[in-house]
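Working notes, structure below.
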Amino acid sequence: MEVKMSENQTSLVFVINGEKFELSTVDSSTTLLEFLRTQTRFKSVKLGCGEGGCGACVVIISKYDPLLDRIEDFTASSCLTLLCSIHGCSITTSEGIGNSKQGFHPIHERFAGFHASQCGFCTPGMCVSLFGALVNAEKNNRPEPPSGFSKVTGFEAEKAIAGNLCRCTGYRPIADACKSFAADVDMEDLGLNSFWRKGESKDLKLSRLPQYDNHHKNIKFPMFLKDIKHDLLLASKKNSWHKPTSLEELQNLLELNHANGTRIKVVANNTGMGYYKDKEGYDKYIDLKGISELSKIRKDQSGIEIGAAVTISNAIEVLKQQSKSDFISDFVMILEKIADHFGKVASGFIRNTASLGGNLIMAQKNNFPSDIATILLAVDSMVHIMSGTQFEWLTLEEFLERPPLSLESVLLSIKIPNLETIRSTSSKQRNRFYFETYRASPRPLGNALPYLNAAFLVEVSPSEDSGGSMIDTCRLSFGANGNEHTIRAKNVEEFLTGKMLSFSILYEAVNLLTSSIVPKDENSKTAYRSSLAASFVFQFFNPLIEISAGATNFSNGYSSFPFVKDFELKENQKQVHHDNTPTLLSSGKQILEAGNEYHPIGKTITKSGAALQASGEAVFVDDIPSPPNCLHGAYIYSSKPLARVKNIKLSPKLQLDGVRDVISSKDIPIGGENIGSKTIFGTEPLFVEEIARCVGDRLAVVVADSQKLADMAANSTIVSYDIENLESPILSVEDAVKRSSFFEVPSFLFPKNVGDISKGMAEADHKILSAELKLGSQYYFYMETQTALAVPDEDNCITVYASNQCPEFTHSTIARCLGIPENNVRVITRRVGGGFGGKAIKAISTAAACALAAHKLCRPVRMYLNRKTDMILAGGRHPMKITYSAGFKNDGKITALELEILVDAGIYMDISVVMPHNIVTALKKYDWGALSFDIKVCRTNLPSRSAMRGPGEVQGSFIAEHIIENVAATLSIDVDSVRSINLHTHKSLQSFYDHCYGEPFEYTLPSIWSKIAVSANYEQRTEMVKEFNRINIWRKRGISRVPVVYQLSLRPTPGKVSILSDGSVVVEVGGIELGQGLWTKVKQMAAFALGTIQCDETESLLDKVRVVQADTVSLIQGGFTAGSTTSETCCEAVRLSCDTLVERLKPLKEKLQEEMGSIKWEALILQAYMQSVNLSASSLYVPSNNSTMYLNYGAAVSEVEIDLLTGGTKFLQTDIIYDCGQSLNPAVDLGQIEGAFVQGLGFFMLEEYATDHNGMSLADGTWNYKIPTIDTIPQQFNVQILNSGHHQHRVLSSKASGEPPLLLAASVHCATRAAIKEARNQLLSWSNLDESDSIFQLGVPANMPMVKELSGLDIVERYLKWKMSMV
């Protein structure tokens, strides 16, 4: 293939999945993701966050390096990569790796086979991230791996996806799919999959795996791209793109444009846009990557100089290469540590494109909390600056302290000086440098900004007399601490210089530090960050003091100079530790007890469509190609909690440029209603009519030619408010109580008290009175945000494609909003990219808004909410305030519990009135003796809360555990014994769950409680935890066992089964595929039920069944997909339909069998067609009174380890036993159990959904809302699915698994509390107080600052005082 060249390359040339693209005009602000999704057929790249923080949009970029004459392949976030920057590159997406037409790649097949894809929205990005690791592993010099494996290690394979987010699976099966490619993997460690059976040999297992070809023959770099000229100049109506090839050319561009006021954006790879979003357009983009001086790396005796455009990944590679020299010097060790820390900045696909210089520029100009600036400051780095035609070298410190760099100034390079240049003048040969870096971050492997980072460099000399350590020079730098930029603690440096290290000197240094490192930002967790600074200094210097007591031979190099090595915690030594490499390799055991009597039900069938999801061919709403003339919408929402909206004005610059209309309540047609959603309890307005009643209240929708333009228009909107004559807003449940602002709970929903509370309190030996507990919210973080596409049709009809859990409610809402009959509306939902309740009522308004805009403008309209808008509007889980009093006996048996609960429902009712019922059903898991409660559902001027996985049950179950913990702490007895003594007997169960307690044999919790104690070695591990805590000062462990009792309800559900003439089967159900495996279970049920006709070879029926999208016109009364039971009700509806078809076919089958002896399925169906047998049947399954509700049971044991110096918590192990009845598909249920647990872990330990005083969400994206990642799940994750036998009122004896396991994540929180208790007792022992400090409240989430605060913010100072008192 030839490309014609001109003097100046004026066409953008690149290749995507082997297809060549050549563009002569491009809007320079266009991202690669935007181009892929709107201008190509490749839709596997998804928009999950637009910040480079989720990995859903990852692609492989391959480009030719003419200097090294090699092809570079690296992963990158396409949402941040500007299209013009990929000139001359080849792009590979998940479809390019493999697909259904040309054959799936083994990565796709293994993701499917290891059950590693649920909703599937994140899966293509995961696959590409792993593929990038495999491609690059083959380029190293490691020995050739065995056939079928890659050179990648298990750790590298897992780490490859450390920056990818998944909200469904819990990561364990993803980790297994990744590790299956690693030559060093133990096949026995790989979990449940569809390739082999347990106990088969390693060779047999390997032969069953989809074979991997490590030569990647299907991914070839197009050779013509090697000849592309890289000095690119592109122009469009809006802007131009320049890629200068020399500094002189750059100077001219900058000088020329400064004179005429051109808006310029200088880019290396644009990753900074993930944090600092573009709020306006630019006239010129200048790409620095063509200037060779900015990409050079120079090494000499004075140090290493790295060009500013060098990527962080390449900088890491260069720094690590130095360690390959024969003589390992102090300087080389320092470079290695710098490289290690760089590896924790962002994630791999960001480090691959983010430049070193860009990071420092953000730190200098925008006060970005940079790790890189902190580390480089500690080693006295220099920077080379070009300002106009002037060049100068500055110290990094001078650079950071200057006013923000002007546009004419460009950072050219960074120099790390050789240590010899900073060695003190009095240095002796025996002096050594000691260097270490630190960061405290919610995620060990990066992809999270640190609360605090630090780097310390000291020159130490041995004291001839005392054997101690003298500080000769000292540099202490701290960053990300709420100050304007990275700083040095100069007063502490001066204090330490020339001092002989001792506990008293360190104590003084720490006190001096905490008084000087004070964050200026009031919201920056000041005390926590100051405490971290003290911890880091202590971690650094304490080993130097500890070893001074022993003989230290300074002349013998590193082998006998332990303080230059990383100090690891020894179990038999009370030493401070420092973790440099977090343990990642996750593993787990899965024990499944599957039934065989309903084949293929009970089999671990691979999830329907999993390989399609992995390749990215599965179609989500936003993947549907835009129809001609399609417009895009974005919400304008209120920024005030209660205000009159006077007017809405768009930015004048945007009004005429592609913005088509602003749709508001004024555009509701005559006969229509201003309705945005509905439930059986009431409605919610689509748009504000006059008064905005909460932050995030929808004011209008901007409709424009593109989603980007619509978002920009909405963001630039100026809304005028007026609060005259309005009451002050209600912004707390306490305010709601004062003003009697409540939603009325229907009497049929309000739970009943149990027993006589006065009598129970009178029987108590002890009481806890009016204790308080507060619980916050949680955001859904579905990977696909709210989205819909509305297409107007003839005769005033409209079709809406919606990502929605309740299309039926959406259907009727749209009809009422537009004032048209329901038979004019059609809502179609194929699949949902994660729901968790957030795509139920909350999703209706987006579909209605699109429908209203499309109806008015007579053009298709679609919306895809950006992550920030979604987070502000979502509402999420219900916060609440709990006040309780409890009475209990000396042995911990509780006799009475009285509760007052204030639930914050927000401004609109949504489903909030079901909360009292749900809270109490989960709370009743223990026998409280007597139980009384007063639950108020408060109406506040905050975004309305909605159902989120286990709504109310999560809080109720945790309240129960909190009370149990408090009782045990009050009595100073073992909390597990308090749990055990308060578990229900079947008799007490009847008192608390009067309609659904079931038969005695169905109450499986007591046996589960005993089984998990044995399978998890609970008692033995409890003793091991005690011993660990006895011999370790700076780490403490906790272990906890927690039960769950969960009440489930079944709802009427429709199903329809049609058999086509070739014998293939089409199934429709009311339920929506959210990733929970509903389609898979339904397929199995259809195959089982139709198989009862007993034709020959009906075993293959499963492959003949296809479940199709939900369509509200084709199948009515679909209800909503929620409450965990929709899969089983859909299965039962399908079974009823199949039974009808079997009854119709039976006479024909018997007749043909008599004539022919045997009959195949296809022949039977062909004859049925010829004889006009009706081969389509529908049904509506309505549960009977005795099958509407049931209880489910489970238990978990979790063990954690907390770091007392940082507050970090490691989740060491979780064991779960869960009762699935007779599982319809154990693989699907296992995925639900693990995924729910990890989502619960996020709620209890990690996710802070904070708001400002008006209720505006402070968490507005991946930067400040941290869901679990692969490095924050239990390192050992064991799940046993219990087959509890026959349950005649269940669907084929099955039980639900979607929500109940989430509640078991409280075990991690309780274990963390146990570890903190040990830390607090240790603090008391240092003060010679022989008492327990076990009564304290650990909030939710129990994140690092909270754990640290409860473990002692001043723990370092108290330890040092204790040590000083012992001298």
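Please read all numbers here as calculations on a predicted model, not as lab measurements. The first residue in the sequence is number 1, and the count goes up from there.
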For [X] and [Y], which I'm curious about, is there any donor-acceptor pair between the side chains at under 3.5 Å?
X       : Y       : value
Gln118  : Thr169  : no
Asn164  : Ser129  : yes
Asp1271 : Thr1269 : yes
Lys607  : Gln613  : yes

- Task: Flag yes if more than 12 heavy atoms outside Lys589 fall under 6.0 Å of its NZ atom; otherwise flag no.
- Result: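 No, NZ of Lys589 has 12 or fewer neighbouring heavy atoms, counting only those of other groups under 6.0 Å.
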- In terms of heavy-atom contacts, does NZ of Lys139 have more than 12 from other residues, nucleotides or ligands at under 6.0 Å? yes
Donor-acceptor contact present, side-chain [X] to main-chain [Y], <3.5 Å:
X      : Y      : value
Ser347 : Gly163 : no
Ser441 : Arg443 : yes
Gln211 : Leu209 : yes
Glu200 : Lys205 : no
Asn140 : Ala137 : yes
Asn193 : Trp196 : yes
Asn314 : Val310 : no

- Query: Which class fits the ring pair Tyr434 and Phe540: parallel under 30°, tilted 30 to 60°, perpendicular over 60°?
  - Reply: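 Parallel, since the angle between the ring planes stays under 30°.
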- Query: Given Thr123, which of Ser117, Ser94, Ser615 fulfils the side chain to side chain donor-acceptor pair (under 3.5 Å) condition?
  - Reply: Ser117
Are [X] and [Y] close enough that their ring centres sit under 6.0 Å apart?
X       : Y       : result
Phe1277 : Phe1237 : yes
Phe456  : Tyr438  : yes
Tyr212  : Phe181  : yes

- Answer yes or no for Arg351 and Phe342: cation-pi contact, defined as NZ/CZ to six-membered ring centre under 6.0 Å and angle to ring axis within 45°. no
- Item | Residues Ser78, Val59; criterion side chain to side chain contact (heavy atoms under 4.5 Å, CB included); working and verdict | CA-CA 6 Å; Ser78 61; Val59 297; 4.1 Å; yes
- Could you check Glu144, Glu138, Glu156 and say which one makes a salt bridge (Lys or Arg N to Asp or Glu O under 4.0 Å) with Lys151?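 Only one of Glu144, Glu138, Glu156 forms a salt bridge (Lys or Arg N to Asp or Glu O under 4.0 Å) with Lys151, namely Glu144.
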- Which distance, rounded to the nearest 0.5 Å, do you find between the CG of Leu532 and the CG of Asn453?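 Going from CG on Leu532 over to CG on Asn453, the span is 10.5 Å.
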Can [X] and [Y] be counted as an ion pair, charged N to O under 4.0 angstrom?
X       : Y       : result
Glu1201 : Lys1036 : no
Arg439  : Asp371  : yes
Glu1247 : Arg167  : yes
Lys202  : Glu188  : no

- Evaluate side chain to side chain donor-acceptor pair (under 3.5 Å) for Asp184 paired with Thr153, printing each intermediate quantity in order. CA-CA 6 Å; Asp184 64 350; Thr153 66; 4.7 Å; no
